[in-house]
Amino acid sequence: MSRAKAIRYRAPYTTNSDFRKAVNNGEIAYNDIHLSQMAQEVRYGFMGKVNIAIIEACEVTPDGKIYLTAAGGIAPTVCRLADKIIVELNSAHSKNMMGMHDVYEPLDPPYRREIPIYKPSDRIGTPYIQVDPNKIVGVVETNWPDEARSFAEADPLTDKIGQNVADFLAADMKRGIIPSTFLPLQSGVGNIANAVLGALGRDNTIPAFEMYTEVIQNSVIGLIREGRVKFGSACSLTVTNDCLQSIYDDMDFFRDKLVLRPSEISNSPEVVRRMGVISINTAIETDLYGNVNSTHIGGTKMMNGIGGSGDFTRNAYISIFTCPSVAKEGKISAIVPMVSHLDHSEHSVNIIITEQGIADLRGKSPKERAQAIIENCAHPDYKQLLWDYLKLAGSKAQTPHCIQAALGMHAELAKSGDMRNVNWAEYAK
């Protein structure tokens, strides 16, 4: 649809490269919404009328039961509100998926109650979406596998980041900060997330754990098979097609170890905070005070969107962001004086981890956070530059900044192609 220029407006998250190009070329109006809020904003009428819902299913019954495939999304809400429903009955997804979903839609204010999930394996809804069969105006049969993404294999850099995360969590558990039974984990998408989960799986000081997360990747499926992940609750299975088929073929094993929920339930801030979920997400860049950009390259070019990272970060028991300290052969530093776009503020971010080390920001003032991030997370090529910026910013302010120079590293990247060439005196004029 992006290639055909058939989309005028889109929300929320997406990972499609054609869509990303269209957004960054100004061809599509994109609204980056927290995933937990999307369904309710549709229900509240913020998005206008829902005319037609197109729903992928592995089965649909004459009495209007729609059994979803590898994701929950906002399907229950759009099915209820739509005037008409078209079902894509996709045989690429096995009917073994029937029963994997837990479909639950909360009431709207002022009648909403607590979501009665107390552990990741709790089920509170139905395994299908029930609709008026008269609203189903067509069933289109397809056999179309997902555009599954595979991520780069782990390498020494991502392995080091993963090990730093595992070491940090093990140390916090040893100190009694994290209960000895451990806590549910949320993990973002990508090769760093896979490396982190791999390191946690290998660390025998960390007990087998549960996940209450937005997406489940190949690495989680492997950890479930190994017994290192006891249960996974998510909104979608973001796995390769081979991995998805292996789940379908072994559903007797996975049926009591996985559940898929609508995104407003998998990402519910109320549930995340109450269960004490530990969040682990990937940053594009972080500034000296713990503010994180996770969506925009250079502050202007959209990557994939915020997804559910904000839902989890703001409400986590401990919120962790990971990233390599540099990119593009060292020409770009992930640690900068001021982020070029803000997604997660310093008030929500607890821990920054790169391959260089760990910055624990809990209980620290802005100046103390800056010192911890430079000393522990910045690449050696950039440490002195960042110390020089902090000196330029002065020491009297609560949050020191030289406003003229705060985006100097980004400006230098645009000018010369290498942040290491920044001359603070030039940008401080």
Side-chain angles (χ1 to χ4, degrees), residues 1-2 5-16 19-20 22-24 26-56 66 68 71-87 101-115 117 124-125 129-132 135 137 186 214-215 234-236 260-273 281 293-296 300 302-315 341-345 347-348:
M1 291 179 73
S2 298
K5 302 187 184 303
I7 302 174
R8 185 196 67 79
Y9 169 93
R10 154 92 192 206
Y13 182 84
T14 179
T15 58
N16 182 271
F19 175 82
R20 184 187 307 120
V23 167
N24 289 324
E27 299 168 10
I28 295 174
Y30 173 55
N31 188 0
D32 194 14
I33 298 174
H34 296 291
L35 287 186
S36 71
Q37 295 180 318
M38 184 64 188
Q40 70 178 27
E41 291 197 8
V42 173
R43 286 198 303 272
Y44 295 169
F46 296 176
M47 304 292 176
K49 185 86 172 65
V50 180
N51 304 108
I52 300 172
I54 302 174
I55 303 296
E56 184 184 70
I66 299 175
L68 300 173
I74 63 170
T77 291
V78 294
C79 281
R80 185 168 56 79
L81 296 180
D83 295 327
K84 300 175 182 178
I85 299 171
I86 297 172
V87 176
H101 286 264
D102 185 41
V103 177
Y104 178 90
E105 193 178 11
L107 296 173
D108 290 334
Y111 306 106
R112 182 172 296 177
R113 300 292 303 273
E114 70 281 0
I115 297 171
I117 295 174
I124 59 175
I129 300 172
Q130 181 67 62
V131 303
D132 178 354
K135 290 192 359 177
V137 297
Q186 174 263 337
E214 177 190 323
V215 297
C235 175
S236 69
L260 298 181
R261 310 183 191 275
S263 54
E264 66 180 323
I265 306 302
S266 67
N267 294 35
S268 166
E270 183 252 325
V271 175
V272 168
R273 178 164 290 196
N281 290 288
N293 168 19
S294 63
T295 60
H296 285 70
T300 62
M302 173 61 66
M303 274 296 289
N304 299 320
I306 196 168
S309 58
D311 298 323
F312 288 95
T313 296
R314 179 69 183 88
N315 300 283
H341 175 88
L342 176 64
D343 292 296
H344 314 281
S345 82
H347 310 293
S348 304

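These numbers come from a predicted model, not from an experiment.
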Checklist entry - When you look at Glu56 and Leu68, which way does the side chain to side chain contact (heavy atoms under 4.5 Å, CB included) test go after all the steps? => result CA-CA 6 Å; Glu56 184 184 70; Leu68 300 173; over 6 Å; no
Checklist entry - Going by atom types alone, do Asn31 and Tyr9 pair a side-chain donor with an acceptor below 3.5 Å? => result yes
Checklist entry - Quick one: do the Asn304 and Arg20 side chains pair a donor with an acceptor below 3.5 Å? => result yes
Item to check | Residues forming a side-chain contact (heavy atoms from CB on, under 4.5 Å) with Glu264, sequence neighbours excluded | outcome: Ala39, Gln40, Arg43, Thr77, Glu105, Pro106
Atom [atom1] in [X], atom [atom2] in [Y]: separation rounded to 0.5 Å?
X      : Y      : atom1 : atom2 : result
Ser348 : Arg314 : OG    : CZ    : 4.5 Å
Ile306 : His296 : CD1   : NE2   : 10.0 Å
Ile74  : Cys235 : CD1   : SG    : 10.0 Å
Ser294 : Met303 : OG    : CE    : 10.5 Å

Checklist outcome for this item: By side-chain hydrogen bond (donor to acceptor under 3.5 Å, both in side chains), Asp83 pairs with (sequence neighbours left out) Lys49
Next on the checklist: Go through it in stages, so that I can follow the logic: the residues are Val131 and Ile85, the test is side chain to side chain contact (heavy atoms under 4.5 Å, CB included), and I'd like the CA-CA distance, side-chain angles, deciding distance and then a yes or no.
Outcome noted: CA-CA 9 Å; Val131 303; Ile85 299 171; 3.8 Å; yes
Is the backbone N or O of [Y] less than 3.5 Å from a side-chain atom of [X], with the two atoms forming a donor-acceptor pair by type?
X      : Y      : answer
Asn267 : Leu35  : no
Asp102 : Gly125 : yes
Lys84  : Ala53  : no
Glu270 : Ile115 : yes

Should [X] and [Y] count as side-chain neighbours, where that means a heavy-atom distance under 4.5 Å?
X      : Y      : value
Ser36  : Ser263 : no
His344 : Ser309 : yes
Pro269 : Phe312 : no
Ile129 : His101 : no
Cys79  : Ile55  : yes
Asn281 : Thr313 : yes
Ile265 : Ile117 : yes
Met47  : Glu41  : yes

Which pair of non-hydrogen atoms, one from [X] and one from [Y], has the smallest distance, and what is that distance?
X      : Y      : result
Ile86  : Val137 : CG1-CG2, 3.9 Å
Val272 : Asn315 : CG1-O, 3.8 Å
Thr295 : Asn293 : N-OD1, 3.1 Å
Tyr30  : Arg10  : CD1-O, 3.3 Å

Item to check | Test: Arg261 cationic atom under 6.0 Å from Tyr104 six-membered ring centre, within 45° of axis | outcome: no
Checklist entry - Should Ile28 and Phe19 be marked as a side chain to side chain contact (heavy atoms under 4.5 Å, CB included) after you check the CA-CA gap, both sets of side-chain angles, and the distance that decides it? => result CA-CA 8 Å; Ile28 295 174; Phe19 175 82; 3.7 Å; yes
